[in-house]
Amino acid sequence: MLIAGSRKGTVSVATSRGQTMDTELGSRIAPLAAAHPGKDGILGFENPVQSFAARVALARSAERTLDVQYYIWHGDTTGMLLLQALREAAERGVRVRLLLDDNGTRGIDAELAALDSLEHMEVRLFNPFRNRRFKSLGYVYDFSRLNRRMHNKSFTADSQATMVGGRNVGDEYFGATTGVLKADLDVMLVGPIVDSVSTDFDGYWASASAYPVAGIVRSLTPDQRSAVLRTMQGITDSTAAQTYQESINAATRDFVTSSDENAFVWAKVRMVTDDPAKGMGSAKKEGLLVTQLDEILEKPTRSVLLVSPYFVPGKHGTQIFTDLAKRGVDVRILTNALEATDVIAVHSGYAKRRKPLLAAGVQLYEMQRQSADVRRNKSAGPFGSSASSLHAKTFAVDGSRAFVGSFNLDQRSIHLNTELGFVIDSPELAQEIESAFDNGIPESAYEVHLDDNGHLYWLDRHGSEVTRLDKEPNSGPFKRLAVTMLGWLPIEWLL
């Protein structure tokens, strides 16, 4: 039986921006926000090393609180470096709350238990697995609960600044590996919107799906705890960690405490979020992110430009996009090609919807898997990365509004997982996405087309050279057969 409750007393709540105005972050941000009443500051991070450096800078700047929420947290170089940054904050008296989805914590139970033992740090797990050694067995007897995951990502310091977007915590997200790299997009937010993020974190922290780690993982003796903390320190002192640390130092600018307000885009930002009750399948319609998005975006009149690494629109979503295209709305969608995706089953859910989308006039682009020696296509922004796989989740509507967050346009994000995102009323940001589709994405992605006989083909552009491909690029017959067969199965609701 899983037991809720906190061994460190009553459930803690967020500190508001108004209570931390006297911190270093508060004193630096306050005059910038005052110069833009009713708006929030937005700073985008395409570069993975700079994105990691910003999180470390927030952890080191925090004086009162750190609220950290993630879907995946690996025990690799960047994962340990960031855990160490949280530990150092807690040891200097900052109250640290770390909320992780338990599906993404493989191999770090001991580290989480050791950190939770610190006086000023608490760790909770969302929808945890009872069996710590063989987690997947949990799906056999508790599928309905464990199939619902917390996909939210946020990193908030002193309720003054927050990092949000698509990145999880791991080397592939922060450019610290020569293996698989994921192209992604984060933003730092400052201003009134940060209070909304802090309040949302409170809701998840106190939800029925969030359990104190002390009741889930094996407890440590004082000697074991000391040994684990020494091991963590050893990892962060390793050659690999020090090499990456040098990259961080070289990439770091003082984004938050800069006195140059021009570093930020200032605009109205609205948060959209799933009620944490969705983690138990009991959220009401008005508590769902997709409902809030629909109310905010209304009906697009000119353009919808969507980037989603996992794109499974389903029957209903396909109808929405085809209706938009038939009304003359410019609908362009970028997702991963089969060669770049890390989940073939998800690609099958997308592949079965390509033909009706194309027939209605929707333009489809599939990100190519890039090799290490391919030069980054800067005109495509974060979507022209030399990374192996697309992971960013964003879209622009009518050249005036942009979305950044954790939300994939797939059935899991819509119906099963909890998500967090932000609608930004900024023509500047929206037009950056539009520019990427106009100028850069066709050089980094395949254009998918439908011929007069109803057959798919792909165009691969390199400068003035265009190559036509009549089969899924860089995929063998068995892989293509697997996609087809998976598309026959009634599993779209899971994808």
Side-chain angles (χ1 to χ4, degrees), residues 6 8 11-15 20 25 45 51-76 78-105 108 111-118 120-126 128 149-170 173-174 186-190 194-207 209-213 232 236 256 271 273 276 405-406 418-420:
S6 172
K8 296 185 180 180
V11 175
S12 53
V13 296
T15 302
T20 59
L25 284 175
F45 290 83
S51 182
F52 184 82
R55 287 168 171 82
V56 173
L58 286 179
R60 291 174 178 171
S61 299
E63 297 176 30
R64 305 277 178 79
T65 62
L66 279 171
D67 290 333
V68 181
Q69 180 180 23
Y70 281 95
Y71 172 59
I72 290 174
W73 197 298
H74 290 318
D76 51 18
T78 55
M80 288 297 106
L81 282 170
L82 206 50
L83 284 181
Q84 186 70 5
L86 299 184
R87 171 190 174 182
E88 291 169 357
E91 288 177 340
R92 67 174 185 266
V94 177
R95 187 200 67 189
V96 180
R97 296 187 294 176
L98 177 61
L99 176 60
L100 301 178
D101 185 274
D102 195 35
N103 194 53
T105 61
I108 61 170
E111 287 81 1
L112 297 180
L115 292 172
D116 186 65
S117 70
L118 299 175
H120 296 286
M121 186 163 180
E122 291 183 73
V123 181
R124 292 193 173 195
L125 299 176
F126 192 92
R149 309 311 319 174
M150 181 191 74
H151 198 237
N152 311 41
K153 292 111 176 170
S154 65
F155 194 106
T156 307
D158 287 341
S159 292
Q160 291 291 333
T162 186
M163 288 287 294
V164 295
R167 285 186 175 94
N168 294 300
V169 177
Y173 302 99
F174 294 120
D186 288 323
V187 296
M188 180 180 289
L189 300 176
V190 299
V194 183
D195 269 339
S196 298
V197 178
S198 296
T199 300
D200 190 62
F201 182 93
D202 276 352
Y204 277 86
W205 185 255
S207 72
S209 296
Y211 295 81
V213 73
M232 287 178 59
T236 58
V256 183
M271 184 180 74
T273 181
S406 68
T418 68
E419 305 286 351
L420 175 66

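Using modelled atom types, one finds a donor on one side chain and an acceptor on the other under 3.5 Å when comparing N152 with T418. Residues T20 and S159 bring no donor and acceptor atom of their side chains to less than 3.5 Å of each other. A side-chain donor-acceptor contact under 3.5 Å links Y173 and N168. In the model, D102 has a side-chain atom that pairs as donor or acceptor with a side-chain atom of T105 under 3.5 Å.
Nearest heavy atom pair, residue V94 against residue L66, reads CG1-N, 3.9 Å. Shortest non-hydrogen contact noted between M121 and A90 is CB-CB, 3.9 Å.
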- [ ] Just do the side-chain hydrogen bond (donor to acceptor under 3.5 Å, both in side chains) check on D195 and S198 with the steps written out, would you?
- [x] CA-CA 5 Å; D195 269 339; S198 296; 5.1 Å; no
TODO: Please assess R55 against D186 for the test salt bridge (charged side-chain N to carboxylate O under 4.0 Å, His left out), listing each intermediate value before the final yes or no.
DONE: CA-CA 11 Å; R55 287 168 171 82; D186 288 323; 3.0 Å; yes
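Between R167 atom CZ and F155 atom CZ the span is 14.0 Å, to the nearest 0.5 Å.
Looking only at side-chain heavy atoms (C-beta outward), V68 and T156 stay at 4.5 Å or farther from each other. Looking at heavy atoms from C-beta onward, D67 lies in side-chain contact with R95 at the 4.5 angstrom threshold. Within the 4.5 Å cutoff, no side-chain heavy atoms of V56 are placed close to those of L81. Residues P212 and E122 are not in side-chain contact: their nearest non-hydrogen atoms beyond the backbone lie 4.5 Å or more apart. Two residues are said to be in side-chain contact when any heavy atoms from C-beta on lie closer than 4.5 Å; L98 and L83 meet this criterion.
Relative orientation of the W205 and F201 rings is parallel, given thresholds of 30° and 60° on the angle between their planes. Ring geometry, Y71 versus H151: the interplanar angle exceeds 60°, so the pair is classed perpendicular (tilted spans 30 to 60°).
Between R92 and E88, no side-chain nitrogen of the basic residue sits less than 4.0 Å from a carboxylate oxygen of the acidic one, so the salt-bridge criterion is not met. With respect to the salt-bridge test (charged N to carboxylate O, under 4.0 angstrom), the residues R124 and D101 do not qualify. For D158 and R64, the salt-bridge test fails: no basic side-chain N is under 4.0 Å from an acidic carboxylate O.
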